Amino acid sequence: MQETGFITSFNDDEITIRIKDLSDSQRYMITNAVGSQSTMYFDDGRHITVDQRKKIFALFNEIAEYLGYTQVNVEEILKIRFIEQMDNPVWFSFSDCSIEIAKQFLEYEITFCIQNEIPFKTKLMDEIQQSYALRVQLLKNRICFVCGKKNADVDHVDTIGIGRNRRETNQNGMHVWTLCRKSHQERHKIGVKSFAQKYQIKPVKLTPELIKYLKLANERSFDNEKSY
């Protein structure tokens, strides 16, 4: 059960909340819940922004068009799946949910598109670059950090060294991103620092799991050197 109320008093570790218009069944549930552990959520007053709502519904439409569903069906399915994987599942509305819930859902929605190879027209690269988890998704799915093209190359930001066999080198802790051929060529032309500043992109730090997933090195490379 979820209800909205008003905090009327606070004394040390006791909080009094006034809830209006409770039904008999709700009163019964609360009465029997006295003494049990409960969780409280505090609204900091920041609600979903116009930009967040615009992007969320634009993606709904693009997913629906690609999969052949209605926009309403896509919204219902993704919303239920998102709520099921929350630590503390709670129903919400895109009309007035918190800015944090909107941020988490948009990230979930983008991840869904990336993992299911659903192309999106909505400009989301700025949103993606702000999330480390989404940048990892770009890397794992070999999508260009700059333009979003598929089949991008894994580009090492850290220099491995001339003459060294990359597959025999311990790459744990090195930083990489994925770039299409055009972006890759520009990166080498203007340098890593200028390239990163121009497109406002950030690399991902390699872990043994990522190295194995991307098949960047041989198994024995992990024992060759200390990680960065």
Side-chain angles (χ1 to χ4, degrees), residues 46 49-56 58-59 62-63 66 99-100 102-218 221-222 224-228:
R46 299 187 305 154
T49 66
V50 173
D51 184 57
Q52 285 178 321
R53 188 181 296 108
K54 182 179 178 181
K55 289 177 179 178
I56 287 171
L59 278 181
E62 292 175 22
I63 294 170
Y66 185 82
I99 194 171
E100 182 60 29
K103 177 178 178 294
Q104 292 175 13
F105 183 85
L106 184 55
E107 182 172 313
Y108 176 82
E109 196 176 19
I110 295 172
T111 300
F112 178 83
C113 289
I114 294 174
Q115 293 180 341
N116 291 279
E117 299 185 348
I118 300 174
F120 44 82
K121 303 172 186 176
T122 306
K123 295 182 179 180
L124 296 168
M125 295 310 289
D126 288 344
E127 199 82 30
I128 292 173
Q129 290 305 320
Q130 295 174 19
S131 167
Y132 189 82
L134 289 178
R135 298 205 306 275
V136 170
Q137 288 298 324
L138 290 187
L139 177 66
K140 294 176 72 172
N141 290 275
R142 295 182 181 268
I143 296 174
C144 180
F145 272 47
V146 175
C147 67
K149 288 183 179 178
K150 297 180 181 179
N151 302 315
D153 299 323
V154 176
D155 178 53
H156 287 73
V157 176
D158 302 300
T159 303
I160 289 183
I162 299 175
R164 298 175 68 188
N165 186 332
R166 178 168 294 177
R167 296 196 59 80
E168 300 293 335
T169 302
N170 187 343
Q171 301 174 44
N172 185 30
M174 290 186 174
H175 296 81
V176 301
W177 47 36
T178 37
L179 303 175
C180 67
R181 189 59 53 87
K182 181 179 178 181
S183 296
H184 203 161
Q185 291 175 346
E186 182 181 6
R187 199 281 280 180
H188 284 289
K189 183 177 180 180
I190 68 176
V192 170
K193 187 175 181 180
S194 297
F195 185 78
Q197 290 178 341
K198 179 179 179 179
Y199 294 105
Q200 292 297 297
I201 62 174
K202 303 174 183 177
V204 169
K205 188 176 182 179
L206 286 175
T207 62
E209 292 73 25
L210 277 174
I211 293 170
K212 292 176 183 177
Y213 182 89
L214 296 167
K215 300 179 181 179
L216 296 178
N218 299 323
S221 68
F222 295 101
N224 287 346
E225 303 168 29
K226 295 181 179 178
S227 61
Y228 278 54

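Computed over heavy atoms, backbone and side chain alike; hydrogens, waters and symmetry mates excluded. The model shown is predicted, which means the values in this text are computed figures rather than measured ones.
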Check your understanding: Do Leu179 and Val154 touch side chain to side chain, with heavy atoms closer than 4.5 Å?
Key -> no
Point to revise | Under 3.5 Å: donor-acceptor pair, side chain of Arg135, backbone of Lys202 | key: yes
Practice item. Begin with the C-alpha distance, continue with both residues' side-chain angles, and end with the deciding distance and a verdict on side chain to side chain contact (heavy atoms under 4.5 Å, CB included) for Ile143 and Asn151. Key: CA-CA 6 Å; Ile143 296 174; Asn151 302 315; over 6 Å; no
Review point. Hey, does the side chain of Gln171 reach the backbone of Leu216 with a donor-acceptor pair shorter than 3.5 angstrom?
Key: yes
Check your understanding: Between Trp177 and Leu139, which heavy-atom pair has the shortest distance, and what is it?
Key -> C-CD1, 4.5 Å
Check your understanding: Is Ile201 close to Val146 at the side-chain level, that is, under 4.5 Å between some pair of heavy atoms?
Key -> yes
Check your understanding: Side chains of Met125 and Leu138: does their closest heavy-atom pair fall under 4.5 Å?
Key -> yes
Revision key, fill the gap. Smallest heavy-atom separation, Phe195 atom then Ser183 atom, equals CE1-O, 3.5 Å
Review point. Do other residues, nucleotides or ligands put more than 12 heavy atoms under 6.0 Å from the NZ atom of Lys182?
Key: no
**Study point:** Interatomic distance, Tyr199 atom OH to Cys144 atom SG [nearest 0.5 angstrom]
**Key:** 9.0 Å
Review point. Are Glu117 and Tyr66 close enough that a side-chain donor and a side-chain acceptor fall under 3.5 Å?
Key: no
Exercise for review: Quick one: do Lys189 and Gln185 satisfy side chain to side chain contact (heavy atoms under 4.5 Å, CB included)? Show the steps, please.
Suggested key: CA-CA 6 Å; Lys189 183 177 180 180; Gln185 291 175 346; over 6 Å; no
Point to revise | Thr178 and Asp155: CA distance, side-chain angles, deciding distance, side chain to side chain contact (heavy atoms under 4.5 Å, CB included) verdict | key: CA-CA 6 Å; Thr178 37; Asp155 178 53; over 6 Å; no
Check your understanding: Does a side chain donor of either Thr111 or Gln137 reach within less than 3.5 Å of an acceptor in the other side chain?
Key -> no
Exercise for review: Answer yes or no: is there a side-chain heavy-atom contact under 4.5 Å between Gln197 and Lys193?
Suggested key: yes
Review point. Which atom names give the shortest non-hydrogen contact between Lys103 and Gln52, and what distance separates them?
Key: N-NE2, 3.6 Å
Exercise for review: If the plane angle is over 60° it's perpendicular, under 30° parallel, otherwise tilted; pick one for Phe105 and Tyr108.
Suggested key: tilted
Review point. Which atom names give the shortest non-hydrogen contact between Ile118 and Ile63, and what distance separates them?
Key: CD1-CG2, 4.2 Å
Review point. Does any non-hydrogen side-chain atom of Pro203 lie less than 4.5 Å from one of Val176?
Key: no
Practice item. Find the distance between CD (Gln130) and CD (Gln200) and round it off to the nearest 0.5 Å. Key: 10.5 Å
**Study point:** Arg142 side chain near Lys150 side chain, heavy-atom distance below 4.5 Å
**Key:** no
Check your understanding: To the nearest 0.5 Å, what is the distance between CG (Leu134) and CG (Leu124)?
Key -> 9.5 Å
Check your understanding: To the nearest 0.5 Å, how far apart are OG in Ser131 and CG in Asp126?
Key -> 13.0 Å
Check your understanding: What heavy-atom pair brings Gln129 and Phe145 nearest, and what distance separates the two atoms?
Key -> NE2-O, 3.5 Å
Review point. Out of curiosity, Glu62 CD to Glu109 CD, how far, rounded to the nearest 0.5 Å?
Key: 9.0 Å
Practice item. Look at Glu186 together with Lys198 and state whether they make a salt bridge at an N to O cut-off of under 4.0 Å. Key: yes
Check your understanding: What pair of heavy atoms forms the shortest contact from Leu210 to Leu206, and how long is it?
Key -> CB-CD2, 4.2 Å
Exercise for review: Apply the test side chain to side chain contact (heavy atoms under 4.5 Å, CB included) to residues Val204 and His175: give CA-CA distance (whole Å), side-chain angles for both, the deciding distance (0.1 Å), then the verdict.
Suggested key: CA-CA 5 Å; Val204 169; His175 296 81; over 6 Å; no
